[in-house]
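Written out below as structure tokens is the structure these notes cover.
All figures in this text were calculated on a predicted structure; none of them were measured in a lab. Residue numbering restarts at 1 for every chain, and letters A, B, ... go by the order of the sequence lines.
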2 protein chains.
Amino acid sequence: MGQDSRSGDHGPRAETGTKDALLSAAVRVFARKGFQEATVREICREAKANVAAVNYHFGGKEALYRAALETVFSMKDPAADEFADRTRPAEDRLRGYLDSIVDELYVRCPSDKAGQDKHALFMIETMNPSPHLDIMVQLYVQPRADLLRDILRDLLGPKAPDQVLRDCAQSIWAQMLHPRMFGAISDRLKPRLPSPAERLDEYKRHLIRFSLGGLEGIRRRLNKDSE
Amino acid sequence: MGQDSRSGDHGPRAETGTKDALLSAAVRVFARKGFQEATVREICREAKANVAAVNYHFGGKEALYRAALETVFSMKDPAADEFADRTRPAEDRLRGYLDSIVDELYVRCPSDKAGQDKHALFMIETMNPSPHLDIMVQLYVQPRADLLRDILRDLLGPKAPDQVLRDCAQSIWAQMLHPRMFGAISDRLKPRLPSPAERLDEYKRHLIRFSLGGLEGIRRRLNKDSE
DNA sequence: AGTTGTTTAAAACGAATGTTTAAAGCGAGC
DNA sequence: GCTCGCTTTAAACATTCGTTTTAAACAACT
């Protein structure tokens with residue numbers, strides 16, 4: 001069973017088309033339905049391919065899902081590591097970091113379909129981890145976590161234990177993600193208030209204030225402990 | 001089609017058994033598998049009932065799920081509204097609130113099976129909202145949200161807008177829930193550190209410090225704005 | 001043209017699921 | 001004792017899904 005035309009021994013054909021179409025259809029469908037809910041048939045319909053194509057080209061639904069994750073999370077991000085240069089004041093870098101990740105997560109430009117699918121998949125895989133979660137963590141989460149840890153290291157000083165950095169990072173990530181994970185719940189709470197997603201800039205300001213305040217609280221405690 | 005023996009006109013039989021067994025089996029199975037993954041057959045097996053029993057007594061899988069949610073979230077909580085009395089200092093009440101909810105969410109006493117199922121269902125329904133999410137919000141989330149809002153009102157003063165209270169409440173809830181929602185991801189981040197669930201007391205201390213600091217930051221801003 | 005290996009296509013398979021059916025079981029009331 | 005209504009049971013039904021099968025279409029090389 002030849003699986004991949006491009007790795008064939010002699011006759012590399014012109015663009016297969018089908019395999020790529022399957023992959024990008026898979027990204028879209030998985031992004032809006034998740035692994036379980038998405039069906040091979042729907043993906044093939046969207047890729048204008050036969051039902052058997054998935055098994056032929058990828059070996060099965062699960063392998064296709066894995067391939068879709070790899071594709072999506074290997075994409076280079078537009079904005080990124082401008083917050084890595086240690087010359088800028090740490091507080092500014094944190095601001096920039098929050099701003100950029102929140103924009104990333106609550107994609108506002110409806111043009112960037114690929115980016116939307118990417119973050120939909122991030123949410124899906126986060127809320128419902130599959131055996132292939134590692135791919136996403138390694139390619140997507142880890143770099144962002146490292147970046148934040150460096151910023152927090154600067155903010156909290158060299159004496160701050162790793163565990164404290166991790167806790168703070170999680171507090172910050174939690175707040176960034178919360179509106180996406182609890183949107184459905186928040187919408188049903190009385191009194192009904194506009195969701196953070198509807199007032200992103202305001203929520204970003206809250207986020208930075210609350211987080212800087214929280215870090216200040218942690219820093220005070222660190223200093224008190226080291227006396 | 002008589003649905004309920006206890007609402008029958010004349011002959012209320014001895015304990016039907018089956019319907020109750022079905023309900024409690026449903027709670028357990030849904031709690032560990034979610035709505036989609038759970039199968040009617042497994043629930044019936046666990047309830048020692050026939051496959052058709054679900055449709056006979058409840059009308060279908062979905063109605064059974066709804067009934068399970070109603071059952072579980074109608075349970076009165078052991079600990080609760082001791083933080084409602086406005087005499088205690090607000091900061092203490094926040095401490096108590098965090099402590100009690102975290103304990104609730106990361107149930108440590110393995111005896112309380114019902115409580116575990118309840119919070120498993122809470123997580124499942126949060127991460128994968130069903131059409132019956134409202135039940136849970138109304139019976140479970142709303143009272144806890146109200147409690148926290150009152151505490152935050154005391155902490156931030158009467159001039160704080162509702163929107164600010166809500167944002168702060170969400171920041172705090174986000175942190176409480178984060179370890180449960182992102183446990184799988186955090187476990188895969190390098191360097192590997194013990195998860196908050198493995199060191200709950202330490203994490204609770206972080207949570208209270210970070211949150212009080214965050215609130216202090218918000219309060220400062222409120223005062224500055226009102227000058 | 002003919003051969004070969006790869007890709008597509010239609011159909012069918014086999015397993016699992018929620019639901020329905022039709023008959024049997026069973027307790028109470030006349 | 002018998003009927004009637006509610007409950008339980010086993011079997012079947014209808015659908016859906018991932019996957020397999022089998023054969024036809026296709027492109028390149030000899």
Side-chain angles (χ1 to χ4, degrees), chain A residues 1-26 29-30 32-69 128 130-132, chain B residues 1-26 29-30 32-69 128 130-132:
Chain A
M1 302 105 171
Q3 298 276 97
D4 188 0
S5 66
R6 277 153 309 209
S7 66
D9 289 349
H10 59 94
R13 300 181 48 261
E15 307 92 319
T16 304
T18 302
K19 188 169 183 179
D20 294 336
L22 272 178
L23 200 51
S24 87
V29 176
F30 282 133
R32 70 168 175 262
K33 304 252 206 172
F35 177 75
Q36 281 279 356
E37 301 272 354
T39 74
V40 170
R41 283 174 167 83
E42 178 174 2
I43 294 172
C44 290
R45 195 183 327 127
E46 191 148 331
K48 300 187 202 312
N50 190 274
V51 221
V54 163
N55 288 280
Y56 177 74
H57 285 287
F58 295 92
K61 183 188 182 183
E62 184 152 341
L64 174 60
Y65 183 65
R66 182 180 188 94
L69 287 186
N128 228 320
S130 81
H132 310 291
Chain B
M1 301 100 173
Q3 300 275 98
D4 189 1
S5 65
R6 278 154 309 207
S7 67
D9 290 349
H10 57 95
R13 301 179 51 260
E15 308 91 323
T16 304
T18 302
K19 189 172 183 179
D20 293 337
L22 232 38
L23 201 50
S24 90
V29 176
F30 283 134
R32 69 168 176 263
K33 304 250 205 172
F35 177 75
Q36 280 280 356
E37 301 272 354
T39 74
V40 170
R41 282 175 168 83
E42 178 174 2
I43 294 172
C44 290
R45 196 183 325 129
E46 191 147 331
K48 300 189 203 310
N50 189 273
V51 220
V54 164
N55 289 280
Y56 178 75
H57 284 287
F58 295 90
K61 184 188 181 183
E62 183 151 342
L64 174 59
Y65 183 64
R66 181 180 188 94
L69 287 186
N128 227 321
S130 81
H132 310 291

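OP1 or OP2 of C:dT19 sits under 4.0 Å from a side-chain N or O of B:Asn55. The side chain of B:Thr18 places an N or O atom within less than 4.0 Å of a non-bridging phosphate oxygen (OP1 or OP2) of D:dT8. Distances shown here put a side-chain N or O of B:His57 below 4.0 Å from the OP1 or OP2 atom of D:dT8.
Heavy atoms only, all atoms of each residue included: A:Leu64 and A:Leu22 are closest at CD1-O, 4.5 Å.
For the pair A:Phe58 CZ and C:dT7 C1', the interatomic distance rounds to 14 Å; values are reported in whole Å. The interatomic distance linking B:Tyr65 (OH) with C:dT19 (P) rounds to 15 Å, in whole Å. Put simply, NZ on B:Lys61 is 19 Å from P on D:dT15, counting in whole angstrom units. Atom-to-atom, OH of A:Tyr56 to C1' of C:dT8 comes out at 9 Å; the value is rounded to the nearest Å. Atom-to-atom, NZ of A:Lys19 to P of C:dT6 comes out at 13 Å; the value is rounded to the nearest Å.
Checking C:dA10, C:dT7, D:dT7 against every side-chain atom of A:Asn50, the shortest atom distance belongs to C:dA10. Here the side chain of B:Ala52 is nearest to one of C:dA10, D:dT9, D:dT8, namely D:dT9.
Residues from residues 33-47 of chain A lying near DNA chain C, meaning a heavy-atom separation below 4.0 Å, are A:Arg41 in numerical order.
Ion pair A:Lys33/A:Glu46 not flagged as a salt bridge, since none of the NZ, NE, NH1 or NH2 atoms sits closer than 4.0 Å to an Asp/Glu carboxylate oxygen.
Annotation: cation-pi geometry not satisfied between B:Lys19 and B:Tyr56 (NZ/CZ under 6.0 angstrom from ring centroid, within 45° of ring axis).
Using a 4.0 Å heavy-atom cutoff across all strands shown, B:Ala53 reaches no nucleic acid atom at all.
Aromatic ring orientation, A:Phe30 versus A:Phe35: parallel (interplanar angle below 30°, classes split at 30° and 60°).
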